[in-house]
Amino acid sequence: MSVLKLRPSCKDYLWGGRRLIEEYGKECDKEVLAETWELSCHPDGPSTIANGEYAGKTLQQYIDIKGKEVLGTNCRRFRDFPILTKLIDAKDNLSIQVHPDNRYALKNEGQYGKTEMWYVMDAGEHAFLYYGFKREVSMEEFEERIRQDTLLEVLHAVPVQKGDVLFIESGTIHAIGKDILIAEIQQNSNVTYRVYDYGRVGKDGKKRDLHIEKALAVTKRVPISKDKSSYPHIADCDYFTVDKLNLDGKVMKKMEGNVLETSFASILILDGEGTITSGQETVHYRKGDSFFLPAGSGAYTVEGSCDALITTIREKAAPVRIGIDIGVTQTQIGLVDVHQKLLACKTMNTEPTRPAEEVIRKIAQKTLALLEEQKISIDQCVCAGISVPGTVDPRKGVVRYSNNIKWQQVELKKQMGEYLPIPVQIANDADCVALGEAAAGAGRDCQDVVMMTLGVGVGGGIILDGEIYAKKSIGGSEIGHMVIVEDGEPCTCGRQGCLETYVSVRALIRDALRVTGEELTPKEIFERAAAGDTRLKKLVPHYVKRLGIGIVNVVNIFRPQLVLLGGELSPLLEPLLPELQEQMKKSCFGGADSECPVIEIAALGNQAGVIGAASLI
């Protein structure tokens, strides 16, 4: 099915009427029907599929079965389903209320904040709603008026009629007045702070609670400046884009649209009747119906006579991605823009001797502080990627084991998600370094890159088609643990003759000690070899040969466009690249007749892990 008809969840709040039942045919056994949640994956009121093979399942169950691809690529930045669509029948006045933003709501309520828009479907002759303040009020006056029931005196009362559109950003005080019928598109949230309720009592006979302290913390206490036009849309923000469709059945009786891979489409029928056709499938619609068209559904046609709202999710404007590179001694936190440019970076001590939960909490706090310093809202961030040493399960977001930072079975994704209200992805640190170089460094013009990191050990990352090779599997690409010498030097992994035991920093220092009796630094080893030390002049070519064997093995398997060398030893190897290139031409399968990759030195240094982590999603 490419056109899913939805059955709403019904709410019988005390201010509601019966128009949604009597005029819109909503099936409800309640005396009062205040709201229908037409497009909803919220646990407080999920909508249900009414047609096709998934009939009876909730929309969220359908998404779980089909995968998040049905939401579209523009929705990857959201942790949960992004929006909630309602029909609202206000027979009586709604309470005066305000919604928090994401950061406050996630910290205090465990769910998203709320920005929303209203489309007035119908309104009585003298209908109005409250929308912001008449003038700026102080915190003290705001609180005093709430407690003394004089708040209405400073609120802006706006007369409305059918067809009016209002955009209510989080932090805006507002209320729907009586005798108004509204279609609402909002963030996927059910957080509301009530500050005035006309003295009404609930079903339990008690006055409904007010949320004064929370409202004081989130309310913008200034008049609303005139909104900029959303033309050609009736509403447009980072959470939703809403377009109005009008077919009169005569001059305009057909609309052709296209659901791309970027976003699903929601069609809410406000009035009229007709058909929606997608592919070989045609479904009938009437007043009050709601439909979900999965991303990538392709061309569709709406025919008949109708007023409708079509909602999609656009690409985020000027998105920022968070990259976190957790190291043994230090952790780097960076903010990366759409051009892979590092906007800002902060370094902190990792302190791995502390419990993992404390380390994660401190990293999250430093991340939020960096955003605050840069005056970047968390809403502007589309994802957070985390680079971590050790064996990683990226599917579950769990660090299975990291000897370097003493972590075992740490639910890194889940714990970081409690602080950062955006999608979080984790990966092995070597993979992230390789991805960073492929995205913004020496490999930015290549889709297939192998990187070898030559440090205390030998790590590596493999990028194929622009993505981490086998990125959903557990662990990383352990290039350093390929055997190049049978029954050779013992390795920390328990085997013998691994590449790491011959070309790592430790291996180079060990071999130099054996031939000179001195413990030299890698720089001293290469400098003395270049100066004519006969013992080291033999050692360095032997080292290069062993490194070349490792490179050839990897190239024969993956056939990359580029091989990058990074880590502590890489700057020292730059003069030796022609020798490595020649060895590869001689030893690779097909030799000079094959397309041998270029060997280069990595370019980003310690920024690679941060940029690579930010590129995980």
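Remember, predicted model here, so these are calculated numbers, not experimental data.
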Enquirer: With rounding to the nearest 0.5 angstrom, report the CD1 to CG distance, Ile611 to Asp325.
Expert: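 The distance works out to 10.5 Å.
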Enquirer: Is there a side-chain contact (heavy atoms from CB on, under 4.5 Å) between Val503 and Val458 once you walk through the steps?
Expert: CA-CA 7 Å; Val503 300; Val458 174; 3.7 Å; yes
Enquirer: Show me the side-chain donor-acceptor pairs of residues 444-456 shorter than 3.5 Å, one per line, residues at least two apart or across chains.
Expert:
unit_1	atom_1	unit_2	atom_2	d
Arg444	NH1	Gly441	O	2.7
Gln447	OE1	Gly466	N	3.3
Asp448	OD1	Asp465	N	2.8

Enquirer: Under the salt bridge (Lys or Arg N to Asp or Glu O under 4.0 Å) test, which residues partner Arg506, sequence neighbours left out?
Expert: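 In terms of salt bridge (Lys or Arg N to Asp or Glu O under 4.0 Å), with neighbours along the sequence ignored, Arg506 is linked to Glu500.
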Enquirer: For the NZ atom on Lys316, are there more than 12 heavy atoms of other groups (residues, nucleotides or ligands in this structure) within a distance under 6.0 Å?
Expert: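 Yes, NZ of Lys316 has more than 12 neighbouring heavy atoms, counting only those of other groups under 6.0 Å.
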Enquirer: Would you say the side chain of Lys523 lies within less than 4.5 Å of the side chain of Arg528, judging by non-hydrogen atoms?
Expert: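 Contact flag for Arg528/Lys523 side chains = no.
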Enquirer: Heavy-atom distance under 4.5 Å between the side chains of Leu370 and Gln374, does that happen here?
Expert: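 The answer is yes; the side chains approach within 4.5 Å.
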Enquirer: Ignoring hydrogens and geometry, is there a side-chain-to-backbone donor-acceptor pair from Glu281 to Ser2 under 3.5 Å?
Expert: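 Between the backbone of Ser2 and the side chain of Glu281 there is a qualifying donor-acceptor contact (under 3.5 Å).
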Enquirer: Would you say the side chains of Asp429 and Ser387 form a donor-acceptor pair under 3.5 Å?
Expert: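 Side chains of Asp429 and Ser387: no pair found under 3.5 Å.
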Enquirer: List in chain and number order the residues that pass side chain to side chain donor-acceptor pair (under 3.5 Å) with Thr312, two or more places apart in sequence or in another chain; answer none if no residue qualifies.
Expert: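 Residues passing side chain to side chain donor-acceptor pair (under 3.5 Å) with Thr312: none at all.
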Enquirer: Is the closest side-chain donor-acceptor distance between Gln330 and Thr347 under 3.5 Å?
Expert: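 Note: Gln330 and Thr347 side chains miss the donor-acceptor criterion.
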Enquirer: Taking all heavy atoms of Cys432 and all of Leu616, pick out the closest pair and write down the distance.
Expert: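 Between these two residues, the closest heavy atoms are SG-CD1, 4.1 Å.
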Enquirer: Look only at the side chain of Asp236 and the backbone of Thr241, and say whether a donor-acceptor pair between them is shorter than 3.5 Å.
Expert: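 Checked: no pair found.
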Enquirer: How far apart are the C-alpha atoms of Val540 and Lys537, what are their side-chain angles, what is the distance that settles it, and do they pass the side-chain contact (heavy atoms from CB on, under 4.5 Å) test?
Expert: CA-CA 6 Å; Val540 169; Lys537 281 182 70 175; over 6 Å; no
Enquirer: Please check if any side-chain donor atom of Ser266 sits under 3.5 Å from a side-chain acceptor atom of Thr311, or the reverse.
Expert: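 Judged by distance alone, the side chains do not pair up.
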Enquirer: Taking atom CD of Glu315 as the centre, does the number of heavy atoms from other residues, nucleotides or ligands within less than 6.0 Å exceed 12?
Expert: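 Not more than 12 within 6.0 Å, no.
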Enquirer: Are any non-hydrogen side-chain atoms of Gln496 and Glu489 less than 4.5 angstrom apart?
Expert: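 Side chain of Gln496 against side chain of Glu489, heavy atoms only: no contact under 4.5 Å found.
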Enquirer: Taking the side chain as every heavy atom from C-beta outward, state whether Ile363 and Met348 have any pair of such atoms under 4.5 Å apart.
Expert: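 They are in contact (side-chain heavy atoms under 4.5 Å apart), so the answer is yes.
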Enquirer: Within the supplied structure, the quantity of interest is the number of heavy atoms (other residues, nucleotides, ligands) at a distance under 6.0 Å from Glu574 CD; does it exceed 12?
Expert: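 No, the 6.0 Å shell around CD holds no more than 12 heavy atoms from other groups.
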Enquirer: In the structure I gave you, are the side-chain heavy atoms of Leu412 and Val398 within less than 4.5 Å of one another anywhere?
Expert: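 The answer is no; the side chains never approach within 4.5 Å.
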Enquirer: Kindly say whether the aromatic ring centers of Phe264 and Phe81 come within a distance under 6.0 Å.
Expert: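 Between Phe264 and Phe81, the centre distance is under 6.0 Å.
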Enquirer: Could you check whether any side-chain N or O of Asp337 sits under 3.5 Å from a backbone N or O of Lys341, counting only pairs where one atom can act as donor and the other as acceptor?
Expert: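 Here the side-chain-to-backbone pair exists.
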Enquirer: Taking Arg495 for its side chain and His481 for its backbone only, find out whether a donor-acceptor pair lies under 3.5 Å.
Expert: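 Yes.
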Enquirer: For a quick test of reading the model, state the closest non-hydrogen atom pair linking Tyr502 to Gly488 and the distance between them.
Expert: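 Reported closest heavy-atom pair: OH-CA, 3.3 Å.
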Enquirer: Quick check: closest heavy atoms across Pro597 and Met584, and the distance to 0.1 Å?
Expert: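 Taking Pro597 first and Met584 second, the nearest heavy atoms are O-CE, 2.8 Å.
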Enquirer: Once rounded to the nearest 0.5 Å, what's the spacing between atom NZ of Lys375 and atom CD of Gln380?
Expert: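 One gets 15.0 Å once the value is rounded to the nearest 0.5 Å.
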Enquirer: What distance do Gln561 atom CD and Glu595 atom CD have between them, rounded to the nearest 0.5 Å?
Expert: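 One gets 9.5 Å once the value is rounded to the nearest 0.5 Å.
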Enquirer: Grab the two heavy atoms, one from Ile376 and one from Cys381, that are nearest each other, plus how far apart they are.
Expert: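 Closest heavy-atom pair between Ile376 and Cys381: CG2-SG, 4.4 Å.
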Enquirer: Is the closest side-chain heavy-atom distance between Ile324 and Val610 below 4.5 Å?
Expert: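 Contact flag for Ile324/Val610 side chains = no.
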Enquirer: Would you mind checking if Glu373 and Lys346 are paired as a salt bridge, meaning a charged N to carboxylate O distance below 4.0 Å?
Expert: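 Judged by the 4.0 Å cut-off on N to carboxylate O distance, Lys346 and Glu373 do form a salt bridge.
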Enquirer: Can you pull the ring-ring contact (aromatic ring centres under 6.0 Å, His included) pairs that have at least one residue in residues 506-553, sequence neighbours excluded?
Expert: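 Non-adjacent pairs meeting ring-ring contact (aromatic ring centres under 6.0 Å, His included): zero.
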Enquirer: Say whether Thr331 and Thr350, considering side chains only, have a donor N or O and an acceptor N or O under 3.5 Å apart.
Expert: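 On atom types as modelled, these side chains qualify, holding a pair under 3.5 Å.
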Enquirer: Should Ile65 and Lys57 count as side-chain neighbours, where that means a heavy-atom distance under 4.5 Å?
Expert: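 The answer is yes, as the side chains (C-beta and beyond) meet within the 4.5 Å cut-off.
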Enquirer: Give the minimum heavy-atom separation between Asn349 and Lys362, together with the two atoms involved.
Expert: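 Closest approach of Asn349 to Lys362: O-NZ, 4.3 Å.
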Enquirer: Would you tell me whether Asp379 and Tyr239 have side-chain atoms, one donor and one acceptor, within less than 3.5 Å of each other?
Expert: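 A donor-acceptor contact under 3.5 Å links the two side chains.
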Enquirer: For the pair Thr501 (side chain) and Cys498 (backbone), establish whether a donor and an acceptor sit closer than 3.5 Å, ignoring hydrogens and angles.
Expert: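 Judged by distance alone, yes, a pair lies under 3.5 Å.
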Enquirer: At what distance, to the nearest 0.5 angstrom, does CD1 of Ile484 lie from CD1 of Ile549?
Expert: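 Here the rounded value is 5.0 Å.
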Enquirer: Does the ring of Tyr112 carry Arg79 above it, NZ/CZ under 6.0 angstrom from centre and within 45° of its axis?
Expert: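 Relative to the ring axis of Tyr112, which defines the angle, Arg79 lies inside both limits.
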Enquirer: Got a donor-acceptor contact below 3.5 angstrom from the Glu486 side chain to the Gly497 backbone?
Expert: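 Judged by distance alone, no pair lies under 3.5 Å.
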Enquirer: Tell me whether Asn102 contacts the main-chain N or O of Gly113 through its side chain, where contact means a donor paired with an acceptor under 3.5 Å.
Expert: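 A pair under 3.5 Å: yes.
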Enquirer: Between the side chains of Gln340 and Arg321, does any donor sit under 3.5 Å from an acceptor?
Expert: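 Note: Gln340 and Arg321 side chains meet the donor-acceptor criterion.
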Enquirer: Using side-chain heavy atoms (C-beta onward) and a distance below 4.5 Å, is Asp238 in contact with Ile313?
Expert: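 Not touching, per the 4.5 Å side-chain cut-off.
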Enquirer: Does a donor on one side chain and an acceptor on the other come within less than 3.5 Å for His233 and Asp243?
Expert: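 Distance-only check passes for His233 and Asp243.
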Enquirer: With no hydrogens and no angle check, is any side-chain donor or acceptor of Gln607 less than 3.5 Å from a backbone partner on Leu604?
Expert: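 No.
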Enquirer: Is there a side-chain contact (heavy atoms from CB on, under 4.5 Å) between Ile509 and Glu519? Walk through the geometry before answering.
Expert: CA-CA 7 Å; Ile509 292 173; Glu519 188 164 315; 4.0 Å; yes
Enquirer: How close do Cys383 and Ile617 get, counting heavy atoms only, and between which atoms?
Expert: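 Scanning both residues, the minimum pair turns out to be CB-CD1, 3.7 Å.
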Enquirer: Taking it one step at a time, do Val359 and Trp407 satisfy side-chain contact (heavy atoms from CB on, under 4.5 Å)?
Expert: CA-CA 11 Å; Val359 176; Trp407 285 8; 3.9 Å; yes
Enquirer: Out of curiosity, His42 NE2 to Thr58 OG1, how far, rounded to the nearest 0.5 Å?
Expert: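 The OG1 atom of Thr58 is 13.5 Å from NE2 of His42, to the nearest 0.5 Å.
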Enquirer: Going from CD1 on Ile333 to CD on Gln365, what distance comes out if it is rounded to the nearest 0.5 angstrom?
Expert: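 So the gap between those two atoms works out to 10.5 Å.
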Enquirer: Please list, chain by chain and in numerical order, all residues satisfying side chain to side chain donor-acceptor pair (under 3.5 Å) with Asp511, sequence neighbours excluded.
Expert: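 Testing Asp511 for side chain to side chain donor-acceptor pair (under 3.5 Å), a comparison that skips the adjacent residues, returns none.
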Enquirer: Identify, with sequence neighbours excluded, every residue that meets ring-ring contact (aromatic ring centres under 6.0 Å, His included) alongside Tyr419.
Expert: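 Counting only residues at least two positions away or on another chain, Tyr419 forms no ring-ring contact (aromatic ring centres under 6.0 Å, His included).
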